Amino acid sequence: MGKYYIAFDCGTMGTKTALYDIDSARVAEAYRENKISYPRPGWAEMDANCFVENVRDGVRECLAKSGINPAEVRAVAASGIICGIVGIDEKWRPVTPFVPYLDNRASGEAAWVRENVEPVWTEESGNAIVDEFMPPMILRWFLNEYKGFRESAVKVVNNGPFVLGTLAGLSAKDAFLDWATMSGWLIGYDAKKRDWSHKQIEALGIPMEMLPRVVKPWDVVGYLCKAEAEKMGLPPGIPIAAGAGDTMQSALASGLLEPGLATDVAGTASIFAVAVKEADSRITAAPGMMFAMGTLQDAYFYWSMIRAGGLSLRWFRDNVANRAGDPMFYAEMDTLAGDVPAGSRGLLFYPYLQGAGPDMPGACGVFAGLFGVSDRAAMWRSILEAIAFEYAQMIKIYRECGIPLNEIIGTEGGSKSPLWTQIKADILGGAYNIPTRSEGGLMADVAVAAHAVGDIKDIKETMRRWVTFRARFEPDAKSAEIYGKVFAERQRLLAGPMKELFAGLAKVRNI
């Protein structure tokens, strides 16, 4: 009898579902795009039940493609968005939209906390940042601004646990959050204890009873209920593991296993993560740097996020080129942009379509340097370069703190683009290594699922065997020299003129 595992990743742009065997071979996969609504400028919402529907559809497709006996599925695990929450009632029904990190509605809450609350979290969580995209700020907004929330909501959960709890038929009293996803909250918890901090939660004015219990990623949190089993064509009773956050699982699946290694999670939100032994106050104090617990007990890393990194590419496809849903668009644009010289003929893009945080108030997406000769190829390349330039700001901080970052691992959808990967190597001055398999966190989800039911004994050693590399991109000296000059000027503009521009545009938006 075979041993198979269902893994799914509830990401921002889409939900990936896959079926794997015990040797990590992907037997079948499915993908469904997720819908994001933008009800107001700076707001972003998603339907929590949409994630569930996409997983159901994905499981049915994987079973049909594979032809395996559903009785051979041993366990289910998942990864989900670490910065985003949904409120649920006693029966696990959503009473709010799922509000992800792309949303800025809690800017007032973040400002109030920064101005009125002593940053008691800096030592315990390793984070100094307080920003509107963080779940504690969204929760404060729900409590203070969302009509009916206090009367109907019992708990809040991230989207991965929401789907898993639905599959298990849980009620709110069973609400859970794995420790890796919890660190996506950034504050409110103790990183060494890997649990909520009552001191911080009280200081933030959040009712402790609204928070889910914290579990290990491989803890079995329930079993597939009969109603959901029938909808997917599976037998009931399959163990469901808690899983972990998408950023943590992508890092684990890319081979971020030792301090000093870095990974570029090139998804909707472009994330740059660097493995460390412990928190470093110098890095913690730097703008935009966030400390996190990894999936494994002894894993820690810093990460930084470009909220609309990969989203900028989707925005250009959907809203500018009017090619929504076209799977060939990205490769087509890479081919055209490959003929554009480094620096995009003087065209700069600032990828702040969903803002840029408290250090850059009012920031928005900007193309600067457009002329009649500018075409979509130059615009596309300037977007690719912009993400790499944002990473360059982050890498500068690490290198100043003694972490050389000569080797970087690229993963997620963006790693499939040779052009973009070469641009990153040139701008960042480090070799980019591309894993043989670019499956995001799914492979790590499988390892967690198999460990949860005792089919593998050591997740870390298992990942060492499973992760191999297929390509390596070295920096090109000529392009690197050009990019160094462009980066210096881009940073000068960002430090002064662009701040003034953002402030003026904010006034225009409010007229």
Side-chain angles (χ1 to χ4, degrees), residues 10-15 33-51 80-88 94-114 127 129-149 153 156-162 177 181-182 184-188 204 206 210 245-247 267-271 288 290 303-312 314-315 318-319 351-365 502 505-506 509-510:
C10 295
T12 310
M13 290 196 289
T15 296
E33 282 201 359
N34 296 329
K35 182 179 179 182
I36 309 173
S37 300
Y38 303 96
R40 299 185 190 179
W43 286 32
E45 297 180 352
M46 306 174 79
D47 180 356
N49 282 322
C50 179
F51 294 112
I81 299 170
I82 59 174
C83 295
I85 53 173
V86 57
I88 58 173
V95 296
T96 70
F98 175 75
V99 177
Y101 58 88
L102 298 171
D103 189 89
N104 295 332
R105 75 186 65 193
S107 59
E109 298 295 338
W112 186 90
V113 170
R114 287 194 297 268
N127 285 298
I129 186 172
V130 175
D131 205 351
E132 61 259 27
F133 71 88
M134 296 161 51
M137 301 303 108
I138 299 171
L139 178 49
R140 280 185 52 87
W141 189 90
F142 280 158
L143 287 163
N144 296 327
E145 304 293 339
Y146 197 88
K147 186 177 180 180
F149 180 79
V156 291
V157 291
N158 290 59
N159 68 332
F162 174 77
L177 192 65
T181 301
M182 178 184 66
W185 286 48
L186 297 173
I187 62 177
L204 290 167
I206 294 173
M210 294 212 70
D246 54 2
T247 301
T268 306
S270 295
I271 292 173
M290 296 169 278
W303 63 286
S304 303
M305 174 176 65
I306 308 167
R307 295 189 205 177
L311 183 68
S312 294
R314 177 164 163 176
W315 162 80
D318 295 357
N319 294 12
Y352 309 137
L353 296 176
Q354 292 299 127
D359 299 300
M360 194 66 66
C364 57
F502 291 145
L505 291 174
R509 288 195 297 273
N510 294 324

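Note that these values count all heavy atoms, side chains included, but never hydrogens, waters or copies made by symmetry. For clarity, every value in this text was computed on a predicted model and none was experimentally measured.
A distance below 6.0 Å separates the ring centres of F98 and F51.
Residues meeting the side chain to side chain contact (heavy atoms under 4.5 Å, CB included) test with T96, sequence neighbours left out: V86, F142, Y146, F149. For E145, the salt bridge (charged side-chain N to carboxylate O under 4.0 Å, His left out) criterion is met by no residue, not counting sequence neighbours. A search for side chain to side chain contact (heavy atoms under 4.5 Å, CB included) contacts involving A363 returns Y352, A356, M360, F502, not counting sequence neighbours. Applying the side chain to side chain donor-acceptor pair (under 3.5 Å) criterion to R105, with sequence neighbours excluded, gives E45, D103. Partners of F133 under the ring pair (Phe, Tyr, Trp, His ring centres under 6.0 Å) rule, at least two apart in sequence or in another chain, do not exist in this structure. For T15, the side chain to side chain donor-acceptor pair (under 3.5 Å) criterion is met by N34, not counting sequence neighbours. In this structure A506 satisfies the side chain to side chain contact (heavy atoms under 4.5 Å, CB included) test together with R509, sequence neighbours excluded. In this structure, Y101 has no ring pair (Phe, Tyr, Trp, His ring centres under 6.0 Å) partners at least two apart in sequence or on a different chain. Residues passing the side chain to side chain donor-acceptor pair (under 3.5 Å) test with N104, sequence neighbours excluded: R307. In this structure, Q354 has no side chain to side chain donor-acceptor pair (under 3.5 Å) partners at least two apart in sequence or on a different chain. By the side chain to side chain contact (heavy atoms under 4.5 Å, CB included) test, D47 pairs with N49, C50, sequence neighbours left out.
For the atom pair CH2 of W141 and CD1 of I85, the computed distance is 11.0 Å after rounding to the nearest 0.5 Å. Rounded to the nearest 0.5 Å, atoms CG (D246) and CG (N159) are 7.5 Å apart.
For S312 (side chain) and A308 (main-chain N/O), a donor-acceptor pair under 3.5 Å exists by modelled atom type.
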Output a table of donor-acceptor pairs, distance under 3.5 Å, between side-chain atoms of residues 36-43 and any protein atom two or more places apart or on a different chain; print 'none' if there are none.
none

